[in-house]
**Q** 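Sending over a structure as structure tokens; questions will come in a sec.
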Amino acid sequence: MKHFLFLTLLIMGCTDPATQPQTSATNQPPSPVEPEPTPAPWGGLKVQFVGQPLPDAKQIVVMLHGYGASQEDLIPLGEYIGVEQQCQVYPEAPISVPDGGFAWATEDAHWESSTKQIIALIEELHDSNQDAKIAVGGFSQGATLASLLAKDPELPVDDLFLYSPAWLEFKSELPDKVRPDVLLAHGRFDQVLPFFDAKEMLGALLRHDANVNWIPFNDGHTIPKQVVDATRDKLQR
């Protein structure tokens, strides 16, 4: 964050200022005002677009990859769930990780900054095409980030697809009525992010009057076909 230090010059006088000659200081033109910086496009994220051009799309689907992956990771999933007149948007997480790939957060403060970037991206997508419905999906850490969007009832998101998210204790910050429909899926034998996290998230969403399609499945940290099919079915309605 930039910090600015302003210095004020105090000019002292003991006679009528109207009778005083102008000094070089008072005769100088005003300093030019620097323009406000223009926000970086798409929330400052590297973004890949697939499918229908954004201005022509009837539906916009934003897909958030998991920890250590990249924007390419969920494109095969997107090809399967893609429907006619759909624009798919694949942002890349802003943090490089040592073993390769990218992350949305490696410390607690990153959750807030990454959420702000995704919100800025969604708002710009909406401004570019206000007639299109917007869905946001994510896997693993991407699903965790997507779940935080449920806190903002003003955000123009119609659907959230949360595949194996972690629980970030957001229940006290949820609005009385969660706006998007939510598909929440998690494997009972997940050894990366515990199944219990999704159960806690489910309870919080239901307490806040969310419309939830809950899909537990007998597998690990993955996205099985039944979940992909449920996603496709929802997007086709």
**Q** Keeping the roles fixed (side chain from Asp159, backbone from Pro180), state whether a donor-acceptor pair exists under 3.5 Å.
**A**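 No, the answer is negative, given that no donor and acceptor are paired below the 3.5 Å cut-off.
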
**Q** Kindly indicate whether the side chain of Val182, heavy atoms from C-beta on, has any atom under 4.5 Å from the side chain of Asn211.
**A** no

**Q** Of all the heavy-atom pairs spanning Arg237 and Asp233, show the shortest one and how long it is.
**A**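 Shortest heavy-atom separation between Arg237 and Asp233 comes out as CG-O, 3.3 Å.
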
**Q** Just wondering, do Gln226 and Val228 contact through their side chains at under 4.5 Å, heavy atoms?
**A** no

**Q** Assert yes or no for the condition that the ring centre distance of Phe139 to Trp104 is strictly below 6.0 Å.
**A** no

**Q** Does any part of the side chain of Ser140, heavy atoms only, come nearer than 4.5 Å to the side chain of Tyr67, both counted from C-beta?
**A**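 No, every pair of side-chain atoms sits at 4.5 Å or beyond.
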
**Q** May I ask you to check whether over 12 heavy atoms, not counting those of Asp56, lie within 6.0 Å of atom CG?
**A** yes

**Q** Decide ring pair (Phe, Tyr, Trp, His ring centres under 6.0 Å) for Phe195 and Trp214; before the verdict, give the C-alpha distance in whole Å, the side-chain angles of both, and the deciding distance to 0.1 Å.
**A** CA-CA 12 Å; Phe195 180 71; Trp214 165 234; 5.8 Å; yes

**Q** Could you state the interatomic distance from NZ (Lys199) to CG (Leu202), rounded to the nearest 0.5 Å?
**A**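 Reported to 0.5 Å precision, the distance equals 7.5 Å.
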
**Q** Please check: side-chain N/O of His208 versus main-chain N/O of Pro175, any donor-acceptor pairing under 3.5 Å?
**A**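 Yes, because the side chain of His208 sits within donor-acceptor range (under 3.5 Å) of the backbone of Pro175.
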
**Q** Would Val62 and Leu160 show up in the same hydrophobic cluster when neighbours are defined by side-chain heavy atoms closer than 4.5 Å?
**A** yes

**Q** Pick one: which of Asp152, Ile122, Ile118 meets side chain to side chain contact (heavy atoms under 4.5 Å, CB included) with Val157?
**A**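 Result for side chain to side chain contact (heavy atoms under 4.5 Å, CB included) with Val157: Ile122.
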
**Q** Nearest 0.5 Å, please: how far is CD in Glu124 from CG in Asp127?
**A** 7.5 Å

**Q** Should Val192 and Leu168 be counted in the same cluster of Ile, Leu, Val, Met, Phe, Trp and Tyr side chains packed under 4.5 Å apart?
**A** no

**Q** Which atoms form the tightest heavy-atom contact between Pro94 and Ser114, and what is the distance?
**A** CG-OG, 4.0 Å

**Q** With sequence neighbours left out, which residue pairs that include part of residues 182-197 fulfil the side-chain hydrogen bond (donor to acceptor under 3.5 Å, both in side chains) condition?
**A** His186-Asp190, Arg188-Asn218, Asp190-His221

**Q** Taking all non-hydrogen atoms of both residues into account, name the closest pair between Ala230 and Leu183 and its distance.
**A**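 Scanning both residues completely, I find the closest heavy atoms to be CB-CD1, 3.8 Å.
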
**Q** Do Phe161 and Val227 come close enough that some side-chain heavy atom pair is under 4.5 Å?
**A** no

**Q** Would you say the side chains of Glu92 and Tyr90 form a donor-acceptor pair under 3.5 Å?
**A**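 Looking only at side-chain atoms, Tyr90 and Glu92 do not form any donor-acceptor pair under 3.5 Å.
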
**Q** Can you find a heavy atom in the side chain of Leu184 that is under 4.5 Å from one in the side chain of Pro165?
**A**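 Result yes, sub-4.5 Å side-chain heavy-atom pair found.
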
**Q** Can you establish whether the number of heavy atoms outside Gln236 located under 6.0 Å from its atom CD is more than 12?
**A** yes

**Q** So, the side chain of Gln86 versus the backbone of Gly51: is there a donor-acceptor pair under 3.5 Å, distance only?
**A**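 Pair absent, no side-chain N/O of Gln86 close to backbone of Gly51.
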
**Q** Contact between Met201 and Ser147 at the side-chain level, heavy atoms closer than 4.5 Å - yes or no?
**A** yes

**Q** Taking Lys133's backbone N and O only, do any of them form a donor-acceptor pair with Gln59's side chain (distance below 3.5 Å, no angle check)?
**A** no

**Q** Filter on salt bridge (charged side-chain N to carboxylate O under 4.0 Å, His left out), then keep only pairs touching residues 61-87, sequence neighbours left out; what's left?
**A**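 Counting only pairs at least two positions apart or across chains, no salt bridge (charged side-chain N to carboxylate O under 4.0 Å, His left out) contact touches residues 61-87.
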
**Q** Looking at Asn129 and Leu54, what are the two nearest heavy atoms and their distance?
**A**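 Heavy-atom minimum between the residues: ND2-O, 2.8 Å.
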
**Q** Decide whether Leu148 and Leu206 are clustered together by the hydrophobic rule: side chain heavy atoms of Ile, Leu, Val, Met, Phe, Trp, Tyr closer than 4.5 Å, transitively.
**A** yes

**Q** Determine, stepwise, if the pair Gln48 / Ile75 fulfils side chain to side chain contact (heavy atoms under 4.5 Å, CB included).
**A** CA-CA 10 Å; Gln48 183 171 341; Ile75 289 180; 3.6 Å; yes

**Q** Between Arg179 (side chain) and Ala150 (backbone), is there a donor-acceptor pair under 3.5 Å?
**A** no

**Q** For the NZ atom on Lys177, are there more than 12 heavy atoms of other groups (residues, nucleotides or ligands in this structure) within a distance under 6.0 Å?
**A** yes

**Q** Say you draw a straight line from OG1 of Thr106 to CD of Gln141; how long is it, rounded to the nearest 0.5 Å?
**A** 8.5 Å

**Q** Using a 4.5 Å cut-off on heavy atoms from C-beta on, say whether the side chain of Asp209 contacts that of Asp176.
**A**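 Contact flag for Asp176/Asp209 side chains = no.
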
**Q** Roughly how far apart are Phe102 CZ and Ser70 OG, rounded to 0.5 Å?
**A** 7.0 Å

**Q** First locate atom CZ of Phe189, then atom OG1 of Thr222, and finally report the distance between them rounded to the nearest 0.5 Å.
**A**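 OG1 of Thr222 is found 14.0 Å from CZ of Phe189.
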
**Q** For Ala93, does its backbone N or O pair with a side-chain atom of His65 as donor and acceptor, under 3.5 Å?
**A**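 Side chain of His65 to backbone of Ala93: a pair is present.
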
**Q** Are Val136 and Val50 connected into the same hydrophobic cluster when the rule is that any two of I, L, V, M, F, W, Y join if their side-chain heavy atoms are below 4.5 Å apart?
**A** no

**Q** Side chains of Leu74 and Gln88: closer than 4.5 Å at any heavy-atom pair?
**A** no

**Q** Closest heavy-atom contact between Ala146 and Leu162?
**A** CB-CD2, 3.7 Å

**Q** Evaluate the side chain to side chain contact (heavy atoms under 4.5 Å, CB included) criterion for residues Tyr80 and Thr231: first the C-alpha distance (whole Å), next the side-chain angles of each, then the deciding distance (0.1 Å), finally the verdict.
**A** CA-CA 10 Å; Tyr80 187 84; Thr231 305; over 6 Å; no

**Q** Could you tell me whether Lys234 and Asp181 have a side-chain N and a carboxylate O separated by less than 4.0 Å?
**A** yes

**Q** Taking atom types as modelled, find out whether Gln52 and Gln85 have a side-chain donor-acceptor pair closer than 3.5 angstrom.
**A** no

**Q** When clusters are formed by joining ILVMFWY residues with side-chain heavy atoms under 4.5 Å apart, either directly or through shared neighbours, do Trp167 and Phe217 land in the same one?
**A** no

**Q** Got a second to check how far His126's NE2 is from Ile134's CD1, nearest 0.5 Å?
**A** 6.5 Å

**Q** Is Ser113 reaching over with its side chain to a backbone N or O of His110, donor-acceptor style, under 3.5 angstrom?
**A**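 Such a contact is found between Ser113 side chain and His110 backbone.
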
**Q** Where the side chain of Thr144 meets the backbone of Ala166, is there a donor-acceptor pair that is under 3.5 Å apart?
**A**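 Yes: the side chain of Thr144 pairs with the backbone of Ala166.
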
**Q** Can you name the closest pair of heavy atoms from Val97 and Gly68 and give their distance?
**A** CG2-CA, 4.0 Å

